[in-house]
Chemist: 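Got a structure for you, questions after.
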Protein chains: 2
Amino acid sequence: MSKAKPNPNLTPTPAQADLPADLPAHKGLVVVIEDHQEYLSALKRLLELEGYACEAHLSAESFLQLHPPEELAPLGPCCLLCDVKLPAMSGLQLQERFADLKEMPLILMSGNSGVHEVAEGFRAGALDFLLKPIDAEVLLQRVSQALELSAQRQQERQFREGLRERIEGMSARERQIARRVAEGMLNREIAAEMHIALRTVKLHRHRALLKLGAKNVPELVRLIQIEAL
Amino acid sequence: MSKAKPNPNLTPTPAQADLPADLPAHKGLVVVIEDHQEYLSALKRLLELEGYACEAHLSAESFLQLHPPEELAPLGPCCLLCDVKLPAMSGLQLQERFADLKEMPLILMSGNSGVHEVAEGFRAGALDFLLKPIDAEVLLQRVSQALELSAQRQQERQFREGLRERIEGMSARERQIARRVAEGMLNREIAAEMHIALRTVKLHRHRALLKLGAKNVPELVRLIQIEAL
DNA sequence: AATGCAATCACCCCAAGGTGCATATCTGAA
DNA sequence: TTCAGATATGCACCTTGGGGTGATTGCATT
């Protein structure tokens with residue numbers, strides 16, 4: 001499913017010697033959407049000079065086409081750098097599409113936005129709203145920050161996904177008992193509440209620990225805690 | 001230290017019959033800072049009509065004078081509603097003073113701000129930036145949201161303070177052993193690592209549970225977890 | 001029908017946790 | 001000095017957790 005070559009024509013990828021060449025990006029991927037061809041190119045050059053992978057688009061549609069629904073393979077930290085004023089679909093609209101996709105922070109740009117647009121951008125959850133002319137230092141600082149956020153959220157999600165998998169690998173009984181154990185109930189109490197023999201509780205408890213990969217009860221407590229959000 | 005009458009002259013307080021009159025505010029306190037007397041009064045009326053307590057100031061200095069350093073007694077949810085353009089000290093500068101005071105969210109207002117100011121306001125951590133003319137519905141919605149945030153953060157902090165107190169009420173040994181227990185170590189292992197008899201570990205462990213108010217190990221794990229941020 | 005898995009339970013054993021009782025040292029506060 | 005609290009330890013007893021062996025039942029897939 002996932003592309004072996006993530007950026008076939010847009011990103012030459014510096015191809016540093018000490019890292020495998022097919023890694024998506026060394027310092028992260030920046031998706032830039034900007035309808036001015038020249039400015040777009042300039043941004044791309046700047047970002048690539050800094051060691052970022054950069055995917056350039058002239059429109060939001062072009063971007064959505066490459067990353068269709070929300071099946072963005074989480075291949076390393078990435079962020080959106082996007083002009084607010086775009087043909088057909090604005091940056092704000094784009095943000096709505098990815099509202100749930102917190103792993104791809106949005107940085108908005110604009111040269112002639114009104115105060116309302118700026119406020120709207122922030123309310124919509126943009127990490128920042130850069131006003132043209134944009135200072136290169138500031139831009140890079142924000143991008144770096146956005147990628148850091150992205151990496152952090154991806155890591156978080158991946159952990160949760162792994163945890164979720166482990167939990168779904170448990171049987172219903174095991175889940176019930178694991179929850180009660182994490183709540184501090186004694187085996188005896190659990191057995192009474194569930195009308196089950198003590199030995200059975202112990203068995204499920206044991207398997208729950210195994211399947212969750214928890215070496216002891218405190219670890220199980222932490223996992224269940226995290227799972228419960 | 002804390003004032004028995006929180007709003008002596010500024011807030012008449014609706015004095016509803018079903019609640020003690022000396023409560024700070026039923027729905028929360030909104031501190032408004034606005035240099036236009038008329039607008040300030042209008043805001044105050046609006047907010048009080050909605051059941052909020054309202055403290056009105058014509059300048060940031062006036063506000064800081066009433067709430068000197070950061071000794072804001074956390075008497076219920078409160079937020080700042082503040083014009084960006086103020087004599088002497090702007091809303092943004094004010095925000096810097098209270099950057100650590102997350103329990104008092106800031107809503108900025110302005111009628112003639114530029115895009116840069118709006119962006120700066122958001123970057124500074126303002127919850128929102130309302131542009132005049134301000135719609136009453138929108139304002140009340142934001143205030144409600146801000147107070148909810150404030151209440152949540154205060155509750156969180158109070159819990160942490162209580163927890164901190166309990167932890168500081170423990171002896172050094174008790175803390176060390178509680179931490180190790182929460183990490184999943186066995187009494188025997190703890191005893192070995194600390195060059196202590198097993199019996200001693202059990203004692204400290206017991207007292208730790210007592211002083212933390214934890215009924216069982218999972219509860220202790222959660223408390224230690226929270227304490228560790 | 002056969003196989004596999006989840007769930008259930010009994011009996012037994014050992015390890016670990018929880019407590020009461022008794023004792024002892026050390027340090028800082030009254 | 002005396003007293004309180006922290007720290008430390010030993011002994012004994014009971015509870016609880018962990019795990020092995022073996023067996024049964026029900027459901028679903030093969």
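Just so it is clear: chains get the letters A, B, ... in the order the sequence lines come, proteins before strands, and each one is counted from 1.
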Chemist: Using 30° and 60° as the class boundaries, would you call the ring planes of A:His57 and A:Phe63 parallel, tilted or perpendicular?
Modeler: perpendicular

Chemist: Return yes if the base of C:dG18 and the side-chain atoms of B:Arg199 contain a donor-acceptor N/O pair under 3.5 Å, otherwise no.
Modeler: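 No, the side chain and the base share no sub-3.5 Å donor-acceptor pair.
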
Chemist: With sugar-phosphate meaning primed atoms plus P, OP1 and OP2, does B:Ile196 contact a base, only sugar-phosphate, or nothing at under 4.0 Å between heavy atoms?
Modeler: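 Sugar-phosphate only.
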
Chemist: How many Å lie between CG on A:Leu203 and P on C:dA10, as a whole number?
Modeler: 12 Å

Chemist: Would you say B:Arg188 reaches C:dA15's phosphate, i.e. side-chain N/O to OP1/OP2 under 4.0 Å?
Modeler: no

Chemist: Considering only NZ, NE, NH1 and NH2 on the basic side and carboxylate oxygens on the acidic side, decide whether A:Glu120 and A:Arg123 come within less than 4.0 Å.
Modeler: yes

Chemist: B:Val32 versus B:Glu55: any side-chain heavy-atom pair under 4.5 Å?
Modeler: no

Chemist: Rounded to the nearest Å, what distance is computed from the CZ atom of residue B:Arg205 to the P atom of nucleotide D:dT7?
Modeler: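 Distance check: B:Arg205 CZ to D:dT7 P gives 17 Å.
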
Chemist: Could you state the CD-C1' distance from A:Glu174 to C:dC5, rounded to the nearest angstrom?
Modeler: 11 Å

Chemist: Round to the nearest Å and state the distance from B:Asn216 atom CG to C:dG17 atom C1'.
Modeler: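 Distance check: B:Asn216 CG to C:dG17 C1' gives 13 Å.
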
Chemist: What I'd like to find out is whether the side chain of A:Met170 reaches to under 4.5 Å of the side chain of A:Arg207, using heavy atoms alone.
Modeler: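 A side-chain contact under 4.5 Å is absent here.
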
Chemist: Tell me what A:Ser171 touches on the nucleic acid: a base, only sugar-phosphate, or nothing, going by heavy atoms under 4.0 Å.
Modeler: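 Contact class for A:Ser171: sugar-phosphate only.
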
Chemist: Counting just side-chain N and O atoms, does A:His206 come under 4.0 Å of either OP1 or OP2 of D:dG19?
Modeler: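 For A:His206, the contact criterion (side-chain N or O under 4.0 Å from OP1 or OP2 of D:dG19) is met.
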
Chemist: Give the rounded distance in Å between these two atoms: CG of A:Leu220 and P of D:dG18.
Modeler: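 The distance from CG of A:Leu220 to P of D:dG18 comes to 10 Å, rounded to the nearest Å.
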
Chemist: Can you tell me how far C1' of D:dG17 sits from CZ of A:Arg180, to the nearest Å?
Modeler: 18 Å

Chemist: Tell me which of B:Val201 and B:Met170 sits closer to the 5' end of DNA chain D, going by the nucleotide each one is nearest to.
Modeler: B:Met170

Chemist: When all nucleic acid strands are considered with a 4.0 Å heavy-atom cut-off, which category describes A:Lys215: base, sugar-phosphate, or nothing?
Modeler: nothing

Chemist: Of the nucleotides D:dG18, C:dT8, C:dA16, which has the atom closest to the B:Leu186 side chain?
Modeler: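 Of all the options, the side chain of B:Leu186 is nearest to C:dA16.
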
Chemist: Whole-Å distance between C:dA7 P and A:His195 NE2?
Modeler: 17 Å

Chemist: Taking only side-chain nitrogens and oxygens of A:His204, does any of them come within less than 4.0 Å of OP1 or OP2 of C:dT8?
Modeler: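 Yes, such a contact exists.
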
Chemist: Can you name the closest pair of heavy atoms from B:Ile33 and B:Ala60 and give their distance?
Modeler: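 What the structure gives for the nearest pair is CG2-N, 3.7 Å.
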
Chemist: From the options C:dT19, D:dT7, C:dA7, select the nucleotide whose nearest atom is closest to the side chain of B:Lys202.
Modeler: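 Output: C:dT19.
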
Chemist: Rounding to an integer number of Å, can you tell me how far B:Leu210 CG sits from C:dG18 P?
Modeler: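 Roughly 11 Å, once rounded to whole Å.
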
Chemist: Counting the atoms with a prime plus P, OP1 and OP2 as sugar-phosphate, which does B:Arg173 contact under 4.0 Å by heavy atoms, base, sugar-phosphate, or nothing?
Modeler: sugar-phosphate

Chemist: Does a side-chain N or O of A:Asn187 approach OP1 or OP2 of D:dG17 to a distance below 4.0 Å, or not?
Modeler: yes

Chemist: If only side-chain N and O atoms of A:Thr200 are considered, is one of them under 4.0 Å from the OP1 or OP2 phosphate oxygen of C:dA7?
Modeler: no

Chemist: Do the side chain of B:Arg188 and the main chain of B:Leu198 share a donor and acceptor less than 3.5 angstrom apart?
Modeler: no

Chemist: Considering every strand and a 4.0 Å limit on heavy-atom distances, what is the contact class for B:Arg207: base, sugar-phosphate, or nothing?
Modeler: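 Base contact.
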
